[in-house]
Amino acid sequence: MPRPSDRRRFLALPVVQPGANVLPTVLLDALVVLADEILALRACPFPVHRRSAREAIRVVVTIREFMADVRGQGSALPDSIVVGFSELYITLQKLRHLLQDCARPGARLWVLMRSERVSSDFLVLVRSISTALDVLPLASIDAVSEVKELIRLVEEQTWKAAIKTEPDDSQAIRSVSSVLCQFKNGIAPTRSALRQILDHLHIRSWNDCGEEIAFLEELFFESSDDGEEAALLDSLMAFMAYCRAVFFDTMDDEKSADEQLKAQATAMNHVIVNLDYLRCPISLELMTDPVTIATGQTYDRASISRWFESDCLTCPVTGEKLANKDLVPNSAIRNLVEQLCQQNNVRFPEPNGKQKRDVARTEKPLTSAAAGAMAMAAASLVDKLATGTNQEKNKAAHEIRKLSKSNIFNRACLVEAGLVPWLLQLFSSMDTSIQDNAVAAVLNLSKHPDGSRAIVEVGGLCLIVDVIRYALKTQARQNAVAILFYLSSIEEHRIEIGKIPQAIPTLVELLRDGTYRGRKNAVVALYMLMQAPDNLPKALDAGAVPVLVALLSSEQEDLAGDAVGVLAKTAESHDGATAILEASAVPHLVEFLRSSTSRSGREKCVSTLLSLCDNGGAKVVRLLGQMPALLPSLYSLIAHGTSQAKTKAISLVNCIQSLHGQGYPAIVASAAQEHIIRAQ
């Protein structure tokens, strides 16, 4: 049974138990719906375990005919039928999950390498169907005799079924194991060996490889430790990455979101959906995290969880008392909601609490096969960048971009292979796709210490600044700014970037005229560069302060908060404080302190005001004392801020009080003293 906070894990087979007092007719209707969902999977190719899947679906066809005949007769059903129907309902739920997993695009290689488990599940489920049919009181059921005879025949056949891993699948498993062994020993597999495996799995394009890698990555990051399963996933990810980089010479177009969803929910695309079925009965909103409870009713997880937390132990729809509070993820409803959102260009909201990927797990390969595969893939990519056509260079850059996106070891391996200089050469390409892929690839590599060092050592800084100024695509310019941000995390790199005459002025220009993402990247990069004292005069000369002050009124609060952070650093020096005061920034800072909901932003704002008082003297303190909006904001920070924010707010209150004396409102001074005592 999956944990309540998780979606169904791949190859896990959770079920919803029928209620203790469920009516035979209700079970019959539920079985018909369940059988239809399974039969909708007949159109799926099933490249692995094809025979087992077809046999299971053939059995369900007969069961569906039987159910239709029983329902068509309209006769009363005996209570004794509940036992058999209940067992059948449980088994068909599991079978539906197993067939959906076997048919899932992107999961082909993993299903193949888990063949022993999959074959065992098919055997158990088929024989469970036999058991369920065996206990049906056929003599008491009003159905056509020929249909009853078919059920008896199916019951006998399923019990005797000899389901095992098919010979072709076994051969493919041995071939994959052989290739992994070659990777381990530093031997490149032959194209014919790779083709044999890929053809068996129906992986026929660059994009198909990408689907496999994405799915394996998802399972890898979901795994709880670096044990045997994670090691196999790591090896298989490297196997598919090698195939995508080396075997396929061209990239096919990325699938659209609708096409990807259609591939993932083939069985559901032909169903006419009643929107009411997709709404939570409690909240009446579309269910983004649907779960089914013991009565078979489905709710959004957040709504039913709140229902349980209020000590309600009944089903909100049926009123039936619940035997347990188990929540089983309903992937069918979730897929339908995702499809609906995609078709209407609405972003599908991820449920709260979804865990972020722990990229640190990719710092080292878990197997020598994974390390060997990546080393050979990197060498192949270097060759394509050095000697390939423009099309090959573009594919190589895009491949590096993909491989380095969320894998630390891949970044290290690609840098070690010497890819950075070749990628930097592509920055001047007039082909927008080549330039965009090269910049994005270098961005990913800059996140690794060896990558950032290589970029600076080969003279890449000027090239990066040129991309920010002249790139053909906005995305390339934004990514180039992000490269500067990561490079400036190292002290000596900040100094080197500051030495480029156009570096800081270019960031200020983007900060003034860029898109939201461009300004966001520029302000954080500027903040990092300001950590080097020599860069402050250059930022002031470039007119950074008026631009930063203007951002304080931005509708994007995170952008305004970042701007306050840069101003706080600027105000620490006398020249910086003078520039801020000349830009008439104080009223804007006070308004930001009043209206912002960001704790860190408000704390930085108080820091800026304190620095202005220190460097601007009595004139600034007097100005602050004349602003009535400041006092409630400071009091709020003293009462509800962090310990650091309280200390800074109290310091600012005392600073103003020391100048204004008795003319300053006593209530603020009193409150400040009270919180000083509490802090002590």
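Numbers here are sequence positions counted from 1.
Looking at R71, its side chain never comes within 3.5 Å of a backbone N or O of A68 through a donor-acceptor pair. The backbone N or O of C280 lies less than 3.5 Å from no partner atom in the side chain of D300, so there is not a single donor-acceptor pair. In this structure a side-chain-to-backbone donor-acceptor pair under 3.5 Å is present from R602 to L593. Listed for the E603 side chain is no donor-acceptor partner under 3.5 Å among the backbone atoms of T642. Between the side chain of Q297 and the backbone N or O of P316 there is no donor-acceptor pair closer than 3.5 Å. For the pair S128 (side chain) and V124 (backbone), a donor-acceptor distance under 3.5 Å is present. Side-chain N or O atoms of S130 include one that pairs as donor or acceptor with a backbone N or O of E155 at under 3.5 Å. Formation of a donor-acceptor pair under 3.5 Å by the R64 side chain with backbone atoms of I38 is not found in this model. Side-chain atoms of K325 never come within 3.5 Å of backbone atoms of F308 as a donor-acceptor pair (strictly under, hydrogens ignored). Put simply, the side chain of E557 gets close to the backbone of T597: a donor and an acceptor are under 3.5 Å apart.
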Go through E229 and R117 one step at a time and tell me if the salt bridge (Lys or Arg N to Asp or Glu O under 4.0 Å) criterion holds. CA-CA 13 Å; E229 179 176 296; R117 172 180 174 177; 5.4 Å; no

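Between P365 and F409, the shortest heavy-atom contact is CD-CD1, 3.4 Å. The two atoms that bring G601 and S598 nearest to each other are N-OG, 3.0 Å, heavy atoms only. Annotation for I408 and A360: closest pair CD1-CA, 4.0 Å, computed over non-hydrogen atoms.
Here the CZ-CG distance, from R152 to L138, works out to 5.0 Å after rounding to the nearest 0.5 Å. Separating the CZ atom in F66 from the CG atom in L88 is a distance of 9.0 Å, to the nearest 0.5 Å. Between the CG atom in L233 and the OG1 atom in T367 there is a gap of 10.5 Å [rounded to 0.5 Å]. One finds the CZ atom of R279 at 15.5 Å from the OG1 atom of T298 (value rounded to the nearest 0.5 Å).
Considering R50, K164, R51, H200 as possible partners of D169, the one that fulfils the side chain to side chain donor-acceptor pair (under 3.5 Å) test is H200. The only member of S52, S115, S119 that meets side chain to side chain donor-acceptor pair (under 3.5 Å) when paired with T165 is S119.
Figure legend: cation-pi geometry between R54 and F46 absent, as NZ or CZ is not positioned both under 6.0 Å from the six-membered ring centre and within 45° of its axis.
One finds a salt bridge joining E218 and R104 here, because a Lys/Arg side-chain nitrogen approaches an Asp/Glu carboxylate oxygen to under 4.0 Å. By the 4.0 Å N-to-carboxylate-O rule, R306 lies too far from E309 to be salt-bridged with it.
Other residues, nucleotides and ligands place more than 12 heavy atoms under 6.0 Å from the CD atom of Q556. Around CG of N324, the count of heavy atoms belonging to other residues, nucleotides or ligands within 6.0 Å exceeds 12. Within a 6.0 Å radius of CZ in R58, more than 12 heavy atoms belonging to other residues, nucleotides or ligands are found.
In this structure, S406 has no side chain to side chain donor-acceptor pair (under 3.5 Å) partners at least two apart in sequence or on a different chain.
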Please report, to 0.1 Å, the donor-acceptor pairs under 3.5 Å made by any side chain of residues 77-86, with sequence neighbours excluded.
from, atom 1, to, atom 2, distance (Å)
S86, OG, V82, O, 2.7

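In this pair, F215 and F10 present their aromatic rings perpendicular. The plane angle is above 60°, beyond the 30 to 60° band.
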